[in-house]
Amino acid sequence: MAKKTECLLSFTISAVETSYESASTRFSPADVEVDVAAKSLLVTGANSGIGKAAAKEIAKRGGTVQMVCRNKERAEEAEEEIMTETGNQNIFLHILDISNPKEIWKFAEKFKNEHKLNVLINNAGCMVNQRELTEDGFEKNFAMNTLGTYILTTALLPLLEKAADRGVITVSSRGMLVQKLSIPDLQSANGTFDGTMVQAQNKRQQVALTEQWAKAHRNIHFSIMCPGWADTPAVSSSMPDFCQKMKNALHAEAQGADTVVWLAVSSEAMKLPSGLFFQDRQPVATHLPLASTYTPPEDEEKLMEVLEEFSQKFKSTSPGT
Ligand SMILES: NC(=O)c1ccc[n+]([C@@H]2O[C@H](COP(=O)([O-])OP(=O)(O)OC[C@H]3O[C@@H](n4cnc5c(N)ncnc54)[C@H](OP(=O)(O)O)[C@@H]3O)[C@@H](O)[C@H]2O)c1
């Protein structure tokens, strides 16, 4: 990781990070002591890290879990683990690469005909450290973290609209605090490519998406959150030096998933306004004081327009194609 990036990240972490243990003393255990057997919840990236931990907690509470994962073998292993540990057999597996727009539309069309959905959890994410393109020509981090999240959510909104207690939760990161939304270079083609900063920009873009969705769809509850720094495969593989340095300060995966689970199952969370950013079960600011990261509304609207334009290019007009 470049020195400047490391400094910025360390600064941000010291400015915003709290200890999970101290934060959890104000949690109300009753919030998550609930039965969600009547609900269907879709978790992307449910085979690993925070997504798997969240899927397990939802399964323990009786919920139907729709796992959306890209690797069949890893996903089947995780599905087996979740079923065995929780005794919940209502776990369904769907294989999807969320960086492939056409496949997302196809998946959503099929899913809409076969399942109901109360809560969508956009957890899957990546940090690719070199500038690489998908087969459709999108920069890989943008394709998964921003465009993929946008298309999956957009495609499933009509299904969510039919359900009760409907919500969309996106797993972002407070690493985004170091980034101002940048529309002209969404594919990170200009300047030196720094995977950490590119991912932070994608996480900022997810904040903009959530705020815009919350404005446009008043009957669905949108939230976005930061899991804190958790010891997961993503962190150890994408940021090995950082992971080594922070080893003792990193959260366990279940701790990273705690706010996701709270947002997904708690009626208390649903009572809070839509479109907010959460950490440790409470709303937090999306900008640091004096950081000059404020986004004019027209930039957020422009982002939505660009994503909509990209997404429509891959929407098939006839089912199954
Ligand atoms: N851990 C942290 O400290 C931390 C901090 C801030 C934010 N986050 C966010 O938390 C979320 C979960 O990450 P994690 O830390 O739990 O890491 P993880 O264990 O590596 O999980 C990431 C998940 O995303 C999936 N994924 C990646 N690219 C995908 C694609 N193109 N299509 C479908 N699935 C894809 C991965 O699938 P494979 O197993 O096939 O790779 C994996 O299941 C991410 O959005 C991450 O940015 C994590």
Side-chain angles (χ1 to χ4, degrees), residues 9 12-13 16-17 20 42-56 66-79 81-82 93-104 107 121-128 132-136 138-149 151-152 169-178 195-196 198-207 209-210 224-240 242-243 245-247 249-260 277-280 284:
L9 215 50
T12 314
I13 289 161
V16 301
E17 198 65 16
Y20 178 84
L42 188 159
V43 186
T44 66
N47 63 290
S48 175
I50 291 159
K52 185 167 77 176
K56 251 186 220 174
Q66 310 284 354
M67 301 173 65
V68 171
C69 307
R70 73 172 153 181
N71 180 287
K72 190 166 184 287
E73 208 179 322
R74 283 198 290 274
E76 283 174 351
E77 240 175 68
E79 182 189 33
E81 183 185 320
I82 295 169
L93 186 55
H94 313 270
I95 302 303
L96 174 67
D97 181 340
I98 301 171
S99 66
N100 185 325
K102 194 169 175 212
E103 290 301 313
I104 304 175
F107 158 77
I121 302 175
N122 288 315
N123 162 76
C126 65
M127 187 194 289
V128 179
E132 294 169 14
L133 303 183
T134 65
E135 61 185 48
D136 298 307
F138 293 112
E139 188 282 314
K140 280 190 176 172
N141 293 292
F142 170 79
M144 161 65 245
N145 300 325
T146 304
L147 184 59
T149 298
I151 299 179
L152 185 62
I169 300 156
T170 300
V171 179
S172 176
S173 164
R174 284 179 97 188
M176 62 84 194
L177 288 169
V178 300
T196 308
V198 170
Q199 199 216 38
Q201 174 62 214
N202 296 162
K203 297 297 186 187
R204 169 63 75 192
Q205 290 159 359
Q206 292 178 342
V207 174
L209 295 189
T210 302
I224 181 155
M225 57 78 68
C226 174
W229 288 99
D231 195 356
T232 65
V235 173
S236 53
S237 64
S238 314
M239 306 163 83
F242 173 80
C243 186
K245 221 192 241 170
M246 297 290 291
K247 198 78 192 158
L250 294 178
H251 295 152
E253 290 172 348
Q255 293 175 337
D258 177 80
T259 297
V260 180
F277 194 103
F278 290 83
Q279 184 164 9
D280 295 331
V284 292

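Positions are given from 1, in the same order as the sequence printed here. Source: prediction; values computed, not measured. As the structure lists them, so they are numbered: ligands from 1, and atoms in each ligand from 1.
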Tell me which protein heavy atom sits closest to atom 33 (C) of ligand 1, plus the residue, atom name and distance to 0.1 Å.
-> L96 O, 3.5 Å
Consider ligand 1: state whether an atom of it lies below 4.0 angstrom from any non-hydrogen atom of A75.
-> no
What's the verdict on side-chain contact (heavy atoms from CB on, under 4.5 Å) for M225 and V260, showing C-alpha distance, side-chain angles and the deciding distance?
-> CA-CA 7 Å; M225 57 78 68; V260 180; 3.7 Å; yes
Is C226 in contact with ligand 1, taking contact as a heavy-atom separation below 4.0 Å?
-> no
Residues in salt bridge (charged side-chain N to carboxylate O under 4.0 Å, His left out) contact with K52, at least two apart in sequence or another chain | E81
Closest non-hydrogen atom pair between T149 and I98, with its separation = N-CG2, 4.3 Å
Just do the side-chain contact (heavy atoms from CB on, under 4.5 Å) check on L152 and F107 with the steps written out, would you?
-> CA-CA 9 Å; L152 185 62; F107 158 77; 3.8 Å; yes
Could you list which atoms of ligand 1 come closer than 4.0 Å to a heavy atom of G49?
-> 16 (O), 19 (O)
Pair N202, Q205: side-chain N/O donor-acceptor within cut-off below 3.5 Å = yes
Numbered in order shown, the ligand 1 atoms found under 4.0 Å of a heavy atom of A230 are 1 (N), 2 (C), 3 (O)
closest protein heavy atom to atom 16 (O) of ligand 1 is I50 N, 2.8 Å
With heavy atoms under 4.0 Å as the rule, classify the contact between H251 and ligand 1 as side chain, backbone, both or neither.
-> neither
Would you indicate which of A200, C69, A124, G148 comes nearest to atom 34 (N) of ligand 1 when only heavy atoms are counted?
-> A124
Protein heavy atom at shortest distance from atom 32 (N) of ligand 1 = I98 N, 2.9 Å
Locate the shortest heavy-atom distance separating I82 from A55; write the atom from each residue and the value.
-> CD1-CB, 3.8 Å
Numbered atoms of ligand 1 (with element) below 4.0 Å of G228, judged on heavy atoms = 2 (C), 3 (O), 4 (C), 5 (C)
Nearest non-hydrogen contact to atom 29 (C) of ligand 1 from the set R74, M144, M67 belongs to M144
Please indicate whether any nitrogen or oxygen in A46 is less than 3.5 Å from any nitrogen or oxygen in ligand 1.
-> no
Review item, side-chain donor-acceptor pairs of residues 43-51, under 3.5 Å, at least two apart:
from	atom 1	to	atom 2	distance (Å)
T44	OG1	I121	O	3.4
T44	OG1	N123	N	2.8
T44	OG1	A124	N	2.8

When you look at R174 and V284, which way does the side-chain contact (heavy atoms from CB on, under 4.5 Å) test go after all the steps?
-> CA-CA 10 Å; R174 284 179 97 188; V284 292; 3.7 Å; yes
Where's the contact between D97 and ligand 1, heavy-atom distance under 4.0 Å: side chain, backbone, both or neither?
-> both
Counting from 1, what ligand 1 atoms have a heavy atom of W229 closer than 4.0 Å?
-> 3 (O)
Nearest to atom 15 (O) of ligand 1, what protein heavy atom do you find, and at what distance?
-> T232 OG1, 2.5 Å
Find all atoms of ligand 1 within a distance of less than 4.0 Å from any non-hydrogen atom belonging to V171, and give their numbers and elements.
-> 9 (C), 10 (O), 11 (C), 45 (O)
Any idea which of S173, P227, A234 brings a heavy atom closest to atom 8 (N) of ligand 1?
-> P227
Part of M127 within contact of ligand 1 (heavy atoms, under 4.0 Å) = neither
Starting from the C-alpha separation in whole Å, work towards a yes-or-no answer on side-chain contact (heavy atoms from CB on, under 4.5 Å) for N100 and E135.
-> CA-CA 8 Å; N100 185 325; E135 61 185 48; 4.0 Å; yes
Can you tell which part of Q199 has a heavy atom less than 4.0 Å from ligand 1: side chain, backbone, both or neither?
-> side chain
How far is atom 27 (C) of ligand 1 from its nearest protein heavy atom, and which residue and atom is that?
-> G125 O, 3.4 Å
Closest to atom 42 (C) of ligand 1 (heavy atoms only, candidates T44, V43, N47) is N47
Could you establish whether G256 and ligand 1 come within less than 4.0 Å of each other, counting only heavy atoms on the residue side?
-> no
shortest atom 28 (N) of ligand 1-to-protein heavy-atom contact is with R70 CZ, 3.4 Å
Got the closest protein heavy atom to atom 18 (P) of ligand 1, with its distance?
-> S48 OG, 3.5 Å
Are any side-chain N or O atoms of T134 and backbone N or O atoms of D136, one a donor and one an acceptor, separated by less than 3.5 Å?
-> yes
Please report the shortest heavy-atom distance between M239 and T196, naming the atom on each side.
-> CE-CG2, 4.2 Å
Here the pair of heavy atoms bringing F138 nearest to P101 is CE1-CG, 4.1 Å
shortest atom 11 (C) of ligand 1-to-protein heavy-atom contact is with N123 O, 3.1 Å
Counting distance only, does the side-chain N/O of N141 pair as donor-acceptor with the main-chain N or O of Q199 below 3.5 Å?
-> no
Which heavy atom of F242 sits nearest a heavy atom of V235, and at what distance?
-> CD2-CG1, 4.5 Å
Taking all atoms of both residues into account, what is the closest heavy-atom pair of A230 and A252, and its distance?
-> CB-O, 4.1 Å
Would you mind listing which atoms of ligand 1 come within a distance below 4.0 Å of any non-hydrogen atom of V235?
-> 1 (N), 2 (C), 3 (O)
